[in-house]
Amino acid sequence: MDRILATDVINNESKKVLLKGWIQNKRDHNHFAFIDLRDSSGIVQLYINFDNSLLADTFKSDCSIESVISVEGTVVRRAEELINKKLDTGEFEVKVDTLTVLSKSDTIPFAVDTDGHEINEAIRLKYRYLDLRRKRMQDMLKFRNDFIFFTRSWYQNHGFIEVETPLLTVTSPEGSRDFLVPSRLHKGKFYVLPQAPQQFKQLLMVAGVGKYFQIAPCFRDEDPRSDRHAGAFYQIDTEIAFTNQEDFFQEMEPFFIEITEKLTNKKVKFKPFPRIPYDDAIDKYGSDKPDLRFGIEITDCKYLKENISLNAFDGMEAMKCLIVPNADRFDRKTISDLGASAINSGGKGLAYILRDENGEFKSPLKNYLNDNIYQYLMNELHLERNCIMFIVADSYKLTTKILGEIRLKIGDILNLRNKDEIAYAWIVDFPMYEWSDDLKKYDFMHNPFSMPQGGMEALQQRNPLDIYAYQYDIVANGLELSSGAIRNHESETLIKAFEIAGYKKEEVEEKFKGLLTAFRYGVPPHGGFAPGVDRTIMLLRDEPDIREIYAFPLSSDAKDLMMGAPSEVSKSQLDDVGLKINV
RNA sequence: GGUCGUAUGGUGUAGCUGGUCUAACACGUUUCCCUGUCACGGAAAAGAUCAUGGGUUCGAAUCCCAUUACGACCGCCA
């Protein structure tokens with residue numbers, strides 16, 4: 001007898017069938033009983049008549065919840081009044097002839113027929129194999145599979161080839177803390193796990209691989225966050241030879257559009273994606289990863305500062321505001337919460353001017369306002385009726401940052417962050433350098449391997465802070481999905497770029513020996529990016545917790561609560577690699 | 001490295017301005033009853049040193065301190 005899946009009962013009416021799965025639930029009626037049998041396809045109801053004493057005994061002694069059973073029986077159509085409309089298989093049930101318990105379950109620590117959010121996460125992680133039995137988690141695993149499968153197909157169909165790059169490699173001087181792997185053959189030396197295959201993918205460009213991709217594991221020894229998995233994660237590492245920034249955007253946009261439309265019901269808001277210079281993004285949205293699902297842009301209102309004599313405004317570099325509709329949705333508590341968050345972010349406070357439905361102005365600044373200012377508010381800033389403006393005065397950097405955060409909160413308050421839409425955008429023209437107060441030197445703002453706009457000439461002649469890079473981010477709904485860049489493939493320019501950031505020529509030549517040597521043998525101009533698998537899945541599924549989209553995540557303390565990693569190792573293991581523990 | 005929050009039977013919660021708390025409720029578990037349930041129903045029972053240690057007090061689940069565990073955030077994440 002062939003085994004069928006639970007949902008296949010629909011096509012096997014009146015037939016003898018074999019089913020195997022877990023007991024999701026049971027209902028004992030003394031002379032008969034029901035079992036909800038769950039397998040990978042779904043749930044079907046089993047009917048067990050206790051007239052068969054063998055069945056009755058097995059049911060009563062061994063059929064605990066979540067036990068694994070095998071049953072033979074007949075698929076029967078239920079009488080009209082017995083149909084369960086909530087169940088896909090609800091028109092049928094299986095009348096059981098034989099019942100075998102393949103594996104009896106202990107009493108389970110938590111129910112698996114819920115979405116699991118109610119259970120303490122540490123307990124869920126400890127029993128992850130049980131937790132994953134819930135429908136929501138099975139759907140997640142399926143989605144993740146579909147995501148990876150779609151990605152591989154899309155890239156292959158567009159001429160990319162996947163190449164695995166080494167997992168045991170060397171430390172890189174920039175960026176995150178490395179995970180170290182001690183070497184047994186070379187005691188005292190270490191491999192490191194790659195933070196990203198950055199140099200390898202560039203070497204593949206030199207090697208003549210025109211279009212490379214890899215679902216690449218990346219390792220960074222930094223503290224996790226709810227949107228950043230501890231230690232390890234995956235990127236869709238991508239690099240293309242002979243491309244430029246605009247060509248790259250046009251080539252990759254369809255991937256995001258298609259994966260969104262194929263795997264979700266969400267609409268892609270902008271096609272093509274807007275290209276927004278970094279400076280504009282900061283200026284208008286106070287963020288380099290703006291949520292473009294709604295408008296409400298930051299507006300300059302320095303006029304107010306110049307015409308209101310208030311000590312609090314003295315000496316402030318910038319004054320900017322957000323003009324927000326639906327002022328009636330902002331009660332006193334909401335406004336004061338926004339003010340508290342502004343202060344929490346380092347601001348002095350949050351001023352507001354509200355114009356009610358009758359055109360009356362209300363504001364803590366009211367005593368300082370006059371007719372000229374009212375004219376300015378109405379004619380220049382277009383503060384319409386039932387609008388409220390939130391004002392921040394501070395340094396340019398802090399003003400835009402705070403208003404950027406307030407803008408997102410307003411988006412939430414007014415329900416403007418529509419879950420049915422994804423607003424992808426490219427943020428372009430990132431500055432090459434920024435001044436580091438800590439290090440007292442210029443430092444790379446993003447990727448040191450980016451080509452500076454204007455090339456060597458710009459590096460030699462311009463103030464470092466005025467140099468932009470062919471460096472871009474792809475963002476969506478306020479999330480950064482990836483950084484990327486057109487790379488600097490000119491050895492001399494790369495060395496010069498590092499020099500500005502305080503690295504000596506010899507040092508750079510030593511650390512990037514492989515890459516720089518390779519560049520001497522004919523390197524195509526190239527560029528790429530590496531969207532995070534997890535970030536993108538979180539975006540597509542509206543899932544704020546990254547641990548919910550991993551089969552086996554580490555805890556917020558980077559521990560595996562089920563397997564017990566990290567753990568101590570034996571003395572002989574340490575001896576093998578020549579290490580001594582000293583803590 | 002830092003700030004904050006949480007911890008009560010197997011699970012989720014209530015109690016937490018100290019005193020019939022000898023800790024309540026729901027789900028789960030066990031036993032019994034029930035011939036069509038599907039969140040089955042009915043009856044009964046078992047199951048908690050209230051995270052751990054210390055302190056305050058006549059008296060601590062409740063207040064204080066420390067520790068541990070878990071979580072959020074800051075730093076960090078080219």
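Everything numeric in this text was worked out from a predicted model, so none of it was measured.
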Determine, for [X] against [Y], whether the closest basic-nitrogen to carboxylate-oxygen distance falls under 4.0 angstrom.
X	Y	result
A:D39	A:K20	no
A:R128	A:D131	yes
A:D473	A:K289	no

From [options], nucleotide with atom closest to [X] side chain:
X	options	value
A:N25	B:G12, B:A39, B:U11	B:A39
A:E118	B:G12, B:A39, B:C77	B:G12
A:A196	B:G36, B:A78, B:G28	B:A78
A:E121	B:C74, B:G36, B:G71	B:G71
A:T107	B:G28, B:A78, B:U11	B:G28
A:F32	B:U35, B:A69, B:C77	B:U35
A:H29	B:C70, B:C40, B:G12	B:C40
A:S555	B:G1, B:G12, B:C70	B:C70
A:I65	B:U29, B:C38, B:C70	B:U29
A:E222	B:A72, B:C77, B:G12	B:C77

Touch check for [X], heavy atoms < 4.0 angstrom, all strands: base, sugar-phosphate only, or nothing?
X	answer
A:R547	sugar-phosphate
A:E81	nothing
A:R177	nothing
A:D557	sugar-phosphate
A:I123	sugar-phosphate

- Message: Is it true that, when you exclude A:K26 itself, more than 12 heavy atoms of the residues, nucleotides or ligands shown sit nearer than 6.0 Å to its NZ?
- Response: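 Enclosed.
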- Query: Do other residues, nucleotides or ligands put more than 12 heavy atoms under 6.0 Å from the NZ atom of A:K513?
  - Reply: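 Check fails, neighbour count at 12 or below.
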[N] OP1/OP2 closer than 4.0 Å to side-chain N/O of [X]:
X	N	result
A:K26	B:U37	no
A:K85	B:C38	no
A:R225	B:C74	yes
A:R27	B:U37	no

Does [X] make a side-chain donor-acceptor contact with the base of [N], cut-off 3.5 Å?
X	N	result
A:R124	B:U11	no
A:N120	B:G12	no
A:E93	B:G36	yes
A:R228	B:C77	yes

- So what's B:U30 paired with, Watson-Crick or G-U wobble, going by both distances under 3.5 Å?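 Here B:U30 is engaged in a pair, and the nucleotide opposite it is B:A44.
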- Geometric class of the A:Y129/A:Y127 ring pair [parallel <30°, tilted 30-60°, perpendicular >60°]: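 Rings of A:Y127 and A:Y129: perpendicular, over 60°.
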